[in-house]
Amino acid sequence: MSQEDLWGQILSAKAAASAEYAATLKETGTLYLVEFDRGAKRRSLAGNPPFWTGLVDDDGTLHGENFMGRCQMRLRAELEPGLSALSGV
């Protein structure tokens, strides 16, 4: 099982257990979600981009892999079938 599949299952279980989490995630609509990390740009520029998190620069550049943000956008697309998995990209 890939990390993406595993975290998809974990976040799906979280949404099933918490109507508030699921509703909040749906309310983000088509926004691009970033698991914020204020040090992401510094680490990315040093050649060690963070895996879980990211930071969007003023010019729209994403620093970091933002894995958790992408997982949440995929779950949101599952909860709201009319949205693409990475809406707002």
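Quick note: residue numbers are just sequence positions, from 1.
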Do [X] and [Y] belong to the same hydrophobic cluster, where Ile, Leu, Val, Met, Phe, Trp and Tyr are linked whenever their side-chain heavy atoms lie under 4.5 Å apart, directly or via other members?
| X | Y | result |
| --- | --- | --- |
| Met1 | Ile10 | yes |
| Met68 | Leu25 | yes |
| Met73 | Leu62 | yes |

Would you give the length of the straight line joining atom [atom1] of [X] to atom [atom2] of [Y], rounded to the nearest 0.5 angstrom?
| X | Y | atom1 | atom2 | answer |
| --- | --- | --- | --- | --- |
| Leu6 | Leu11 | CG | CG | 9.5 Å |
| Glu35 | Glu65 | CD | CD | 14.0 Å |
| Arg43 | Thr53 | CZ | OG1 | 5.5 Å |

Tell me, please, which residues at least two apart from Gln72 pass side chain to side chain donor-acceptor pair (under 3.5 Å).
Tyr21
Does Thr28 have any side chain to side chain donor-acceptor pair (under 3.5 Å) partners at least two apart in sequence or in another chain, and if so, which?
Arg76
List in chain and number order the residues that pass ring-ring contact (aromatic ring centres under 6.0 Å, His included) with Phe36, two or more places apart in sequence or in another chain; answer none if no residue qualifies.
none
Least distance between heavy atoms, Ala15 atom then Leu79 atom:
CB-CD1, 4.4 Å
Atom of Leu75, atom of Ser12 and distance for their closest heavy-atom approach
CD1-OG, 3.6 Å
Return the orientation label for the Trp52 and Phe67 ring planes: parallel under 30°, perpendicular over 60°, tilted otherwise.
perpendicular
Examine distances only and state if a side-chain atom of [X] and a backbone atom of [Y] form a donor-acceptor pair shorter than 3.5 Å.
| X | Y | result |
| --- | --- | --- |
| Asp59 | Thr61 | yes |
| Ser44 | Ala40 | yes |
| Asp37 | Asn66 | no |

